[in-house]
Amino acid sequence: MRSLKIALFTIALFAISFGLVNAFIKLVAVGSRVELKNNVRSINISYTFRIPKRLVDQTIDFQIEVSRQIKDMKLVLGYYSASRNGTTYSALLKRHVDLCFFLRNPKSDRLVNRVYQLVKEHGNMPTKCPFGPGSFYMSDLRPADIPIPLFLPEAEFMLELIYRSEVRSEPLVEFRFYGKLIRIVEKMFN
């Protein structure tokens, strides 16, 4: 009788364990605020950051007006993790990207290419250099759709993007996205 109870208990545990196989663990960014500075002589950007009740459905829209031709642009991409009290940030990733070289050779940087493909799906961003003057946009860009490696810690973060004109060595756009990484479990099959 005792061995029958142990066998039934083991089978029940096994059945519960296999129920979790149909789940997918994903790390998503949930934003709390956005900071944006731009050089209005060259680029004027406005944005709308929507924070619905279900935080993984956040979206950001960008309207971009480029008032002069931009021949060369560099990007400094930084990902910072916040300390426990949220007062200081430590750089986990900092990367310098020549955007014109990247647009000619999109396979040169896998991380930037994955994010760029997502951005292209949601707007009409430049595909070659030089670009502008002109209007560009991104709409319904969901931070939860950005691929995030699972090895990053569930913590508050700041994503910083600084675009510079290499000719004039001046910052054109400084974008900071503050938020928290959270792990979610999604059902793969019904």
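We count residues from 1, following the sequence as given.
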Under a 4.0 Å N-O cut-off, is there an ion pair linking R33 with E35?
->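 Yes.
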
Is any NZ, NE, NH1 or NH2 atom of the basic residue among D61 and R50 found under 4.0 Å from an Asp or Glu carboxylate oxygen of the other?
->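 Salt bridge: yes.
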
Measure across [X] and [Y] and return the closest heavy-atom pair with its distance rounded to 0.1 Å.
X    : Y    : result
Q58  : P52  : CA-CD, 3.7 Å
R68  : L172 : NH2-CD2, 3.8 Å
C100 : K71  : SG-O, 3.5 Å

Tell me, do [X] and [Y] make a side-chain contact under 4.5 Å, heavy atoms counted?
X    : Y    : answer
I146 : L118 : yes
S67  : N44  : no
K180 : L55  : no
D98  : D72  : yes
F101 : S108 : yes

With a 3.5 Å distance limit and no angle check, can you tell me whether [X] reaches the backbone of [Y] through a side-chain donor-acceptor pair?
X    : Y    : answer
S165 : E170 : no
R142 : V56  : yes
N38  : V173 : no

Is the Y79 ring parallel, tilted or perpendicular to the F157 ring (thresholds 30°, 60°)?
->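 Taking F157 first and then Y79, their aromatic rings lie parallel (interplane angle under 30°).
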
